[in-house]
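Here the structure is laid out as structure tokens; the discussion comes afterwards.
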Amino acid sequence: MLDCGLDMTSTLNFLPLPLVQSPRLSKLPGWVLKDGSTFLDKELKECSGHVFVDSVPEFCLPETELLDLSTVDVILISNYHCMMALPYITEYTGFTGTVYATEPTVQIGRLLMEELVNSIERVPKAQSASMWKNKEVQRLLPAPLKDAVEVSMWRKCYTMPEVNAALSKIQLVGYSQKIELFGAVQVTPLSSGYALGSSNWIIQSHYEKVSYVSGSSLLTTHPQPMDQASLKNSDVLILTGLTQIPTANPDGMVGEFCSNLAMTVRNGGNVLVPCYPSGVIYDLLECLYQYIDSAGLSNVPFYFISPVANSSLEFSQIFAEWLCHNKQTKVYLPEPPFPHAELIQTNKLKHYPSIHGDFSNDFKQPCVVFTGHPSLRFGDVVHFMELWGKSSLNTVIFTEPDFSYLDALAPYQPLAMKCVYCPIDTRLNFIQVSKLLKEVQPLHVVCPEQYTQPPPTQSHRTDLMIDCQPPPMSYRRAEVLTLPYKRRYEKIEIMPELADSLVPLEIKPGISLATVSAVLHTKDNKHVLQLPPKPPQPPASKKRKRVSEDVPECKPLKPLLSGSIPVEQFVQTLEKHGFSDVKVEDTAKGHIVLLQEAETLIQIEEDSTHIICDNDEPLRVKLRDLVLKFLQKF
Amino acid sequence: AENEQVSPLQNLDVGRSCILVSIAGKNVMLDCGMHMGYNDDRRFPDFSYITQNGRLTDFLDCVIISHFHLDHCGALPYFSEMVGYDGPIYMTHPTKAICPILLEDYRKITVDKKGETNFFTSQMIKDCMKKVVAVHLHQTVQVDEELEIKAYYAGHVLGAAMFQIKVGCESVVYTGDYNMTPDRHLGAAWIDKCRPDLLITESTYATTIRDSKRCRERDFLKKVHETVERGGKVLIPVFALGRAQELCILLETFWERMNLKAPIYFSTGLTEKANHYYKLFITWTNQKIRKTFVQRNMFEFKHIKAFDRAFADNPGPMVVFATPGMLHAGQSLQIFRKWAGNEKNMVIMPGYCVQGTVGHKILSGQRKLEMEGRQIVSSPKWLLIDKACAFHLLLLQLEVKMQVEYMSFSAHADAKGIMQLIRQAEPRNVLLVHGEAKKMEFLKQKIEQEFHVSCYMPANGETTTIFTNPSIPVDISLGLLKRETAIGLLPDVKKPKLMHGTLIMKDNSFRLVSPEQALKELGLAEHQLRFTCRVHIQDPRKEHETVLRVYNHLKGVLKDYSVQHLPDGSITVESILIQATAHSEDQGTKVLLVSWTYQDEELGSYLTSLLKKGLPQSTS
């Protein structure tokens with residue numbers, strides 16, 4: 001199974017979870033059907049023309065009905081965003097296999113999960129709405145609730161014990177480490193350049209190579225650059241996790257981010273940056289580190305609020321081996337690879353586990369707050385939206401591309417606060433994809449259907465789709481795709497003793513053949529050929545006499561024969577071996593060689609020889625061996 | 001049979017490591033150490049041994065450095081910049097980070113303080129490090145198309161690694177120095193069951209089975225405590241990185257628990273830097289430190305402060321960690337000279353000392369030391385021996401009255417650990433290096449007894465050749481393999497089934513296919529060889545009754561074979577056909593025609609001889 005992501009856009013259908021009682025949210029009117037029925041008004045609330053579920057937010061799981069997950073042997077994780085559904089899979093589906101991921105992926109993935117669990121668990125919600133999920137009811141709801149897929153499969157967030165249990169099933173791996181799976185295939189993670197520890201995977205046998213390219217980046221940010229060379233010679237390349245915003249240039253977005261931030265603060269407003277606790281935030285902090293002094297922002301406090309803020313900042317400094325060259329070099333000095341260490345030391349950046357506690361004492365405005373969750377449905381960000389939303393001095397800057405910012409803002413409308421959309425998605429765009437595909441030249445490309453047509457909202461942009469030859473094969477949710485590949489060979493080892501016993505014969509120039517009769521041993525999907533055991537010595541007892549009468553033990557097949565018998569030479573050979581009365585008769589297809597005295601005849605044709613003799617076994621064996629001398633064995 | 005050659009350039013004592021391995025045509029140099037006990041040419045390995053003429057770069061495919069200790073990497077700049085080598089040098093990230101620091105430190109002591117020339121420069125260290133490629137643990141590094149290497153955790157010092165070197169199906173594992181028991185800051189060495197043809201293991205503690213670490217630690221703390229209590233000074237000579245951190249963690253927690261006030265110092269220079277490296281490379285430490293580092297970083301010490309040279313003369317008790325660890329130069333030696341005369345003081349040697357160093361001398365019981373010094377020391381304990389020495393080099397005698405303790409805290413595997421590693425890796429041969437001959441001999445016997453593998457211990461410059469017998473990888477057509485494994489799955493698996501195929505050898509490729517496919521691929525037709533024999537049987541019955549009798553007879557004898565009686569009156573045994581006709585002259589004699597192809601030769605031949613004996617008397 002490749003990756004185990006969680007679709008969190010489902011949470012956009014829910015009301016935000018406020019950390020502090022929010023009069024505005026609690027006063028929202030219940031939703032009433034067109035016909036005036038009010039039976040859903042406890043579950044659904046209306047805000048500025050949108051309808052939201054008033055319940056604990058729920059997530060859309062990966063497809064689990066299509067196959068029996070207990071038959072999945074291995075899950076390969078490509079980056080920490082793509083493992084968020086892991087506890088649902090490892091704990092509740094009968095899955096007993098192994099999960100493979102790099103160390104940063106696991107450590108930061110744990111932080112993301114911890115933050116998620118924490119932000120949902122610390123705001124206990126009495127209500128768990130389920131009536132609206134009824135198919136008959138869902139039909140009556142306004143969009144987008146009406147069109148939400150598989151709502152019956154949506155699940156509440158997992159708990160920390162489940163997270164810990166899931167993570168304990170992960171086996172840590174390093175880039176370019178070859179991992180044998182059951183002796184049958186080898187998997188190898190490669191740097192994908194997108195995030196700390198993010199990987200593409202090579203899945204290969206001796207003859208077939210499948211590359212799984214997911215969430216890769218060719219831009220130089222903090223992670224180790226993408227390893228492209230190792231993707232060459234793939235039979236199949238599965239391509240996914242491209243940029244969500246193909247039209248936005250990340251560098252331009254960072255510039256816009258900085259200037260909007262500076263402008264707001266200069267005007268006395270606060271800046272809210274909804275973000276994940278790891279990833280792009282490291283790059284943003286690094287940009288700000290270079291920017292704040294020149295922009296005159298040295299006295300503006302930067303706050304990073306997350307239950308895992310401290311851990312995230314600390315962890316970022318210890319993964320030197322997974323960082324880009326520049327950052328690695330710093331560690332050799334030894335200096336911390338990320339400059340946020342200095343921001344913290346100089347008190348420019350402060351981090352807190354939550355808005356409660358120390359933060360409320362230190363809090364000074366105007367300021368810049370980085371906090372989660374980017375969906376604006378839970379986490380400390382909800383508090384700041386409620387707090388700052390009413391003033392047009394403040395700005396919320398969206399940098400994470402996973403959620404539509406308009407949908408994210410919907411339950412906060414009407415909003416006076418400025419909203420700036422600077423999505424920073426460093427993953428591959430379509431120009432980079434076609435460059436990459438030209439470079440690594442896979443035989444076949446497989447990708448999600450969306451990538452094979454222009455985005456629905458920009459149907460004229462035919463440049464925003466994958467363009468390669470042969471055209472990519474696309475897949476959809478719950479669809480089975482057969483790859484155009486036929487396996488023809490497998491590796492087998494010939495033991496040295498057996499190899500020594502082989503007698504190669506040159507059949508054609510440069511081509512030699514040897515017939516092999518050997519015992520096949522197969523263990524852990526590894527095949528070995530050994531010398532056949534010597535026939536057991538007959539025990540030196542009275543039974544000995546009867547040996548020849550024993551039924552032949554196994555069935556030692558003789559090799560196939562090829563070639564033809566030159567009659568004249570054959571007759572000469574017979575005469576040399578003492579047959580004096582050889583007579584040759586021509587037939588339509590060949591010859592008949594007669595041994596008159598022995599009452600034996602040998603029919604010789606182009607592709608066959610038939611020895612017909614009476615009851616004289618030694619004679620038959622002699623003739624057999626003489627015939628074999630003229631033939632090749634296979 | 002192919003072979004592997006191992007030539008230790010310098011290793012048959014713990015002086016330094018430098019080993020040359022030739023495996024399947026590839027030449028790899030393992031470690032490039034310097035000998036700390038020599039001050040002349042002998043301190044570097046004799047690289048002219050590798051190639052008399054020709055460049056090292058052409059001869060060596062790569063160089064691998066196992067860890068940052070100078071007896072494993074100290075000759076590297078000399079080797080790459082002064083002798084000349086431009087190929088790749090592999091080491092782990094922490095080793096790459098720390099190694100140049102230690103080289104520079106050693107260079108300073110040698111050149112700046114001792115005034116030696118003909119030594120590598122700072123620039124040479126930098127140029128040398130540019131040739132280094134850093135490797136991750138467990139990453140398979142493809143040095144070239146055939147040669148690959150892979151690092152495993154060794155637990156000896158930060159970043160220490162064992163390396164697997166592999167060419168085709170032949171492989172060697174080189175352990176460098178390793179430790180099989182986790183300690184306060186590092187984890188235990190680990191390797192998978194990689195079954196190398198040869199395991200080259202260090203054997204520093206070949207005969208020692210060390211008592212529990214806990215006892216040693218208690219002992220150490222007790223001695224330090226007692227000395228401090230009676231107002232004495234404790235000198236602990238260490239390498240800046242490695243055991244130093246381990247002992248610092250130990251003392252730090254002890255001071256905390258016992259609420260002790262005596263100062264602990266760590267000789268300046270490398271200390272802070274060293275601890276920084278530990279913080280940044282925390283993923284290389286043990287599980288416990290890694291897990292808790294966000295809350296409390298074990299390498300931020302409260303009680304341990306930076307040492308200043310002037311402190312050595314302060315009255316009262318103190319504990320000082322000073323470099324280098326073998327008391328051969330630098331600050332540790334300076335402090336030792338100052339404190340050696342007082343019986344209240346103590347020096348604790350926490351690691352191995354190379355022959356020729358002051359450390360080694362005092363550990364072997366020597367209490368009167370001849371020392372070289374560049375200035376006349378006014379202390380009355382110094383005795384002028386030779387005035388005529390060049391460069392004002394004076395040989396002085398120092399009497400050691402302070403207590404000398406040796407406590408093995410070096411993170412080397414002991415005999416038990418070495419055996420454990422062999423059990424883990426399951427090598428076909430073992431080669432011992434980096435140990436003392438007598439002890440190695442003992443361990444060699446033990447290994448041969450327990451694992452039944454050959455064990456070697458070559459002398460310096462001696463070449464050991466190990467013959468390997470690799471099996472030959474071949475491509476088998478999936479059709480043939482599936483046919484054969486399907487047969488193998490039949491219930492009757494007691495008898496080994498023979499598999500038949502044809503090996504096609506063409507342009508160095510080996511393919512095993514079914515004979516039919518081989519014929520087809522080569523465009524050849526099969527030549528069928530058939531035999532027909534007449535067997536006469538005396539049986540007056542009608543033909544079809546005779547046939548039935550033959551059928552029943554064969555069925556009874558050939559239980560494992562498919563015997564069939566066909567509607568046309570013939571009998572088949574597998575593919576062998578038997579037909580009966582009455583004799584044209586004698587109706588009492590029936591003629592059985594037995595016909596088979598060469599592929600069924602054995603069975604056909606058996607059948608004719610069986611039928612020749614006639615049919616058994618009817619039981620009816």
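Labels below follow one simple rule: chain letters A, B, ... track the order of the sequence lines, proteins then strands, and each chain is numbered from 1.
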With heavy-atom distances below 4.5 Å as the criterion, would you say the side chains of [X] and [Y] are in contact?
X	Y	result
Pro473(B)	Lys491(A)	yes
Leu529(B)	Ile611(A)	yes
Phe315(A)	Val294(B)	yes
Ile318(A)	Phe281(B)	no
Cys533(B)	Arg620(A)	yes
His527(A)	Met499(B)	no
Thr283(B)	Glu321(A)	yes
His138(B)	Val173(A)	no

Counting heavy-atom pairs under 4.5 Å to chain B, which of [options] comes out on top?
options	answer
His206(A), Gln328(A), Gln107(A), Gln317(A)	Gln328(A)
Leu561(A), Thr515(A), Ile602(A)	Leu561(A)
Ile612(A), Val528(A), Ile494(A)	Ile494(A)
Gly174(A), Ala514(A), Ala320(A)	Ala514(A)
Gly510(A), Cys613(A), Pro334(A), Ser564(A)	Pro334(A)
Leu333(A), Thr329(A), Val627(A), Thr188(A)	Leu333(A)

Does any donor atom in the side chain of [X] or [Y] lie under 3.5 Å from an acceptor atom in the other side chain?
X	Y	result
Thr532(B)	His610(A)	yes
His527(B)	Thr609(A)	yes
Ser471(B)	Glu493(A)	yes

At a 4.5 Å cut-off on heavy atoms, which part of [X] comes close to chain A: side chain, backbone, both, or neither?
X	answer
Leu522(B)	both
Val591(B)	neither
Glu516(B)	both
Thr608(B)	side chain
Ser605(B)	both

Enumerate the salt bridge (charged side-chain N to carboxylate O under 4.0 Å, His left out) contacts for residues 624-633 of chain A, please, sequence neighbours excluded, ordered by first and then second residue. Arg624(A)-Glu601(B)
Of the listed residues ([options]), which shares the most heavy-atom pairs with chain A below a 4.5 Å separation?
options	answer
Ile282(B), Leu519(B), Val141(B)	Leu519(B)
Lys612(B), Gln528(B), Gln142(B)	Gln528(B)
Lys150(B), Met505(B), Lys506(B), His536(B)	Met505(B)
Thr140(B), Ile476(B), Val513(B)	Ile476(B)

Any idea how Trp322(A) and His136(B) line up, ring-wise: parallel (<30°), tilted (30 to 60°), or perpendicular (>60°)? perpendicular
Per-residue contact mode, [X] against chain B (heavy atom under 4.5 angstrom):
X	answer
Leu631(A)	side chain
Thr522(A)	side chain
Glu599(A)	backbone
Glu103(A)	side chain
Gln603(A)	neither
Arg488(A)	backbone

Verdict with reasoning, Leu502(A) to Leu503(B), per side chain to side chain contact (heavy atoms under 4.5 Å, CB included): CA-CA 9 Å; Leu502(A) 297 180; Leu503(B) 189 62; 3.9 Å; yes
Are the charged groups of Lys178(A) and Glu148(B) less than 4.0 angstrom apart, N to O? yes
Check the pair Leu512(B), Leu529(A) against side chain to side chain contact (heavy atoms under 4.5 Å, CB included), reporting the backbone distance first and the verdict last. CA-CA 11 Å; Leu512(B) 186 60; Leu529(A) 280 181; 3.4 Å; yes
Would you sort out whether Tyr207(A) and Asp475(B) count as a side chain to side chain contact (heavy atoms under 4.5 Å, CB included), showing the intermediate values? CA-CA 9 Å; Tyr207(A) 305 93; Asp475(B) 301 341; 2.2 Å; yes
Roughly how far, to the nearest 0.5 Å, is the CG atom of Leu280(B) from the CD atom of Glu335(A)? 9.5 Å
